[in-house]
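Written below as structure tokens is the structure these notes are about.
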Amino acid sequence: MHRYRTHKCGDLRKEHIGQTVRLSGWVHSVRDHGGIIFIDLRDHYGLAQVVIDPSQPFYKGVEHWRVESTICFTGKVVARIPEAVNPRLATGGVEVVAEAMEMLGEAKVIPFQVAKEEECNETLRLEYRFLDLRRQSLHSNIILRSKVIARIRELMTAEGFMEMQTPILTSSSPEGARDYLVPSRVHPGKFYALPQAPQQFKQLLMVSGFDRYFQIAPCFRDEDARADRSPGEFYQLDMELAFATQDDVFEVNEKVLHQIFTEFSGKQVDAPPFVRIPYREAMEKYGSDKPDLRNPLVMQDCTELFRDSPFKAFAGVVASGGVVRTLAAKGCADQPRKFFDDMIAYAQSVGAKGLGYLRWTGGEIQSPIAKFLAPETLEALKALGGVGEGDVMFFIADQKAAALEIGGAVRAELGRRLGLIDPDVFRFCWIVDFPMFELDDEGKVAFSHNPFSMPQGGMKALEEQDPLDVLAYQYDIVCNGTELSSGAVRNHSPELMVKAFAIAGYGQEVVESKFPALHRAFQYGAPPHAGIAPGVDRIVMLLADEPNIREVIAFPMNQKAQDLLMGAPGTVEPRQLRELNLKVDLPRKFEQAPPTA
RNA sequence: GGGGGCGUAGCUCAAUUGGUUAGAGCGCCAGCCUGUCACGCUGGAGGUUGCGGGUUCAAGUCCCGUCGUCCUCGCCA
């Protein structure tokens, strides 16, 4: 008989009746009836009920076992009497009558319950992550993550992609997020950087003649956390395709993502091809470059209807170069006054000066602004919004960029409050045609996304167009309002690269010194190539229906980028610093070494 | 770095306008109980109300500061 187990706890069925089995697992719950004790023994696979009779020599000790201890039982599988069958348990038809037991690992009193999943403060959960991971919801999220990644590997391989590794210790890149740095012992004063993404390596693999690359790639960025952004590190399904167009990238991703989302959720998933929305159109209609398409509301322009309006609040905005945008919400005219007051307060909280509205209810128009509007204006608005009795139109007047942003926020809030978001579907879209350049804070032309993207129109566009009008073959994929990834057709021409950098204010020497590998490689026969890198954590988050990314990561850091279980980051020995030729020079605030976790 | 929420027993939470000895459920400890499966019943222990200061006859409650945590803005080529 195996030292620890002949079966898994979740295995036992009626067919095992009569067999002597050995099980090992955690004490999930103890039900002590004085004359008989029931123990639910739990492992990764399930629960089994073990019965301990008072005649057993170990009976006395069992009463004092703490839950979450690990124990090995040997005993006979018997059928439960009909009244004692538990239909909620896969193993509920049988139980194990213990004949021998061995304590494998005793548990202290646990700081929060594992068997009963009640809310618990997150600091404690992170300090005792190994206990939290035993709990069913987190445990099953991590199982889901493993299955999703395994399936992604199968699907990508079937599409002809090769999984390849790229370095973790690499060089710091000048653009993008802050790097995590690793000091070099061999080269005093020099540093490696952890890759923010394997971007340049995967492009080099294309130049190296590999045709289709993918990797479940760790990415390291020293940026502050959000609910959907884990600090420090995260994983991408990184991929790159040689001799490929934007459509080739879309086709593969639509196929793989549709398959994954269909297989691992009960929700309805958009069928390929996914909707493609130009960036500027997305901003105009949804006020966002990651619209949630489950929300049916769409912004419309009604600036001209207010240009000469007696409603000075709006006409004044228009006269000063601003715009008026409207959102038509069907069937919410009978919402209570509080609803409209709350919407106005919400709009103001996101920067609006106000929020106008028209309600078609009781055969008339109820609105604080209706009296300022001519009958023909009201008719024109009604026609524009396609509204009628029972409907409402909301209005935002501001300078264009602000109006779009506020309108986007109001659109999302209306969707939430009015229950317009179908929770049982995954709606995908591609946002395409991002601008190549934008103005930075100082009003200078800068890359708006990725300096490696191919400008649409090539050299001719770079030479002849206003840089701010040049579009890039740059795209995002969005699911239910979550940005899963950015990608691009890459700029594989050294001349185009130098020209693009020149427009952003960098000389050729900058390209050569900051991106020596790509600049050199592209001069020796580079294939046109394109790629993308959907976020694995976010995919699993959507599939698990979790609002927080930590719920799909086994060992996440807290918002301040600390690992409370391992105590990272921590101090190191002076010897280690000397070896690296490093001296720590703390700001006054930290002169007393902060206590480590 | 900025804004907001939260911080009361091991855990989750309650405590009227500032007013008696800060309570409950779960957990823990002890006892009882032979068919439970969130077992049940009885009893018990457990509190610097995050920390420091202030206002007040009186502070968990109000004010100031500080720390922790979460959400968010900045940031995320």
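Quick note on labels: first sequence line is chain A, next is B, and so on, each numbered from 1.
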Which is true for [X] with a 4.0 Å heavy-atom rule: it touches a base, it touches only sugar-phosphate, or it touches nothing?
| X | value |
| --- | --- |
| Ser29(A) | sugar-phosphate |
| Glu119(A) | sugar-phosphate |
| Asp53(A) | nothing |
| Glu83(A) | nothing |
| Glu95(A) | base |

Could you tabulate the donor-acceptor pairs under 3.5 Å formed by side-chain atoms of residues 493-503 of chain A, not counting sequence neighbours?
unit_1	atom_1	unit_2	atom_2	d
Ser493(A)	OG	Glu495(A)	N	3.3
Ser493(A)	OG	Glu495(A)	OE1	3.3
Ser493(A)	OG	Leu496(A)	N	3.0

Going by the side chain to side chain donor-acceptor pair (under 3.5 Å) test, which pairs reach into residues 79-95 of chain A, not counting sequence neighbours?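 Residue pairs with at least one partner in residues 79-95 of chain A: Gln49(A)-Glu95(A).
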
Does anything in residues 191-202 of chain A pair up under side chain to side chain donor-acceptor pair (under 3.5 Å), and if so which pairs, sequence neighbours excluded?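 Passing the test, one end in residues 191-202 of chain A: Asp179(A)-Gln196(A), Gln199(A)-Gln203(A), Lys202(A)-Asp238(A), Lys202(A)-Glu240(A).
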
Could you list all N or O pairs between the protein and nucleotides 31-33 of chain B that sit under 3.5 Å apart?
unit_1	atom_1	unit_2	atom_2	d
C33(B)	N3	Asp32(A)	O	3.2
C33(B)	N3	Gly34(A)	N	3.2
C33(B)	N4	Asp32(A)	OD1	3.4
C33(B)	N4	Gly34(A)	N	3.4

Selection from C11(B), C39(B), C71(B) that lies nearest to any side-chain heavy atom of Cys120(A):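 Output: C11(B).
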
Could you work out which one of G68(B), U36(B), C70(B) sits closest to the side chain of Lys560(A)?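 Closest of the options to the side chain of Lys560(A): G68(B).
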
Is Phe112(A) stacked on the base of C11(B) when the test is centres under 5.5 angstrom and planes under 30 degrees?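 Check failed, Phe112(A) does not stack on base of C11(B).
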
For RNA chain B, determine which residues of [range] have any heavy atom closer than 4.0 angstrom to one of its atoms, and list them numerically.
| range | answer |
| --- | --- |
| residues 530-537 of chain A | none |
| residues 485-496 of chain A | none |
| residues 475-483 of chain A | none |

Determine whether Lys338(A) and Asp342(A) satisfy the following criterion, salt bridge (Lys or Arg N to Asp or Glu O under 4.0 Å), listing intermediate values before the conclusion. CA-CA 6 Å; Lys338(A) 182 175 177 353; Asp342(A) 286 351; 2.8 Å; yes

Run the salt bridge (Lys or Arg N to Asp or Glu O under 4.0 Å) test against Arg416(A) and tell me which residues pass, sequence neighbours left out.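 Checked Arg416(A) against salt bridge (Lys or Arg N to Asp or Glu O under 4.0 Å); matches are Glu413(A).
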
Which residues pass the side chain to side chain donor-acceptor pair (under 3.5 Å) test with Gln348(A), not counting sequence neighbours?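 Scan of Gln348(A) (side chain to side chain donor-acceptor pair (under 3.5 Å), adjacent residues dropped) gives none.
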
Just jot down the side chain to side chain donor-acceptor pair (under 3.5 Å) partners of Thr123(A), sequence neighbours excluded, or say none.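 Checked Thr123(A) against side chain to side chain donor-acceptor pair (under 3.5 Å); zero matches.
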
Provide a list of protein-nucleic acid N or O atom pairs under 3.5 angstrom, restricted to nucleotides 72-74 of chain B.
unit_1	atom_1	unit_2	atom_2	d
U72(B)	OP2	Ala227(A)	N	2.8
C73(B)	OP2	Arg226(A)	NE	2.8
G74(B)	N7	Arg226(A)	NH2	2.7
G74(B)	O6	Asp224(A)	OD2	3.4
G74(B)	O6	Arg226(A)	NH1	3.1
G74(B)	O6	Arg226(A)	NH2	3.2
G74(B)	N1	Asp224(A)	OD2	2.5
G74(B)	N2	Asp224(A)	OD2	3.3

Determine whether any donor atom in the side chain of Arg125(A) lies under 3.5 Å from an acceptor atom in the base of C11(B), or the reverse, and answer yes or no.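 Per atom types, no contact qualifies.
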
If you go through the side-chain atoms of Asn86(A), does one of them form a donor-acceptor pair with the base of C37(B) closer than 3.5 Å?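 Looking at the base of C37(B), it does pair with a donor or acceptor on the side chain of Asn86(A) (distance under 3.5 Å).
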
Does a nitrogen or oxygen in the side chain of Asn121(A) sit under 4.0 Å from OP1 or OP2 of C70(B)?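 For Asn121(A), the contact criterion (side-chain N or O under 4.0 Å from OP1 or OP2 of C70(B)) is not met.
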
Taking only N/O atoms, report every protein-nucleotides 25-28 of chain B pair under 3.5 Å with atom names and distance.
unit_1	atom_1	unit_2	atom_2	d
C26(B)	O3'	Lys116(A)	NZ	3.2
G27(B)	OP1	Lys116(A)	NZ	2.9

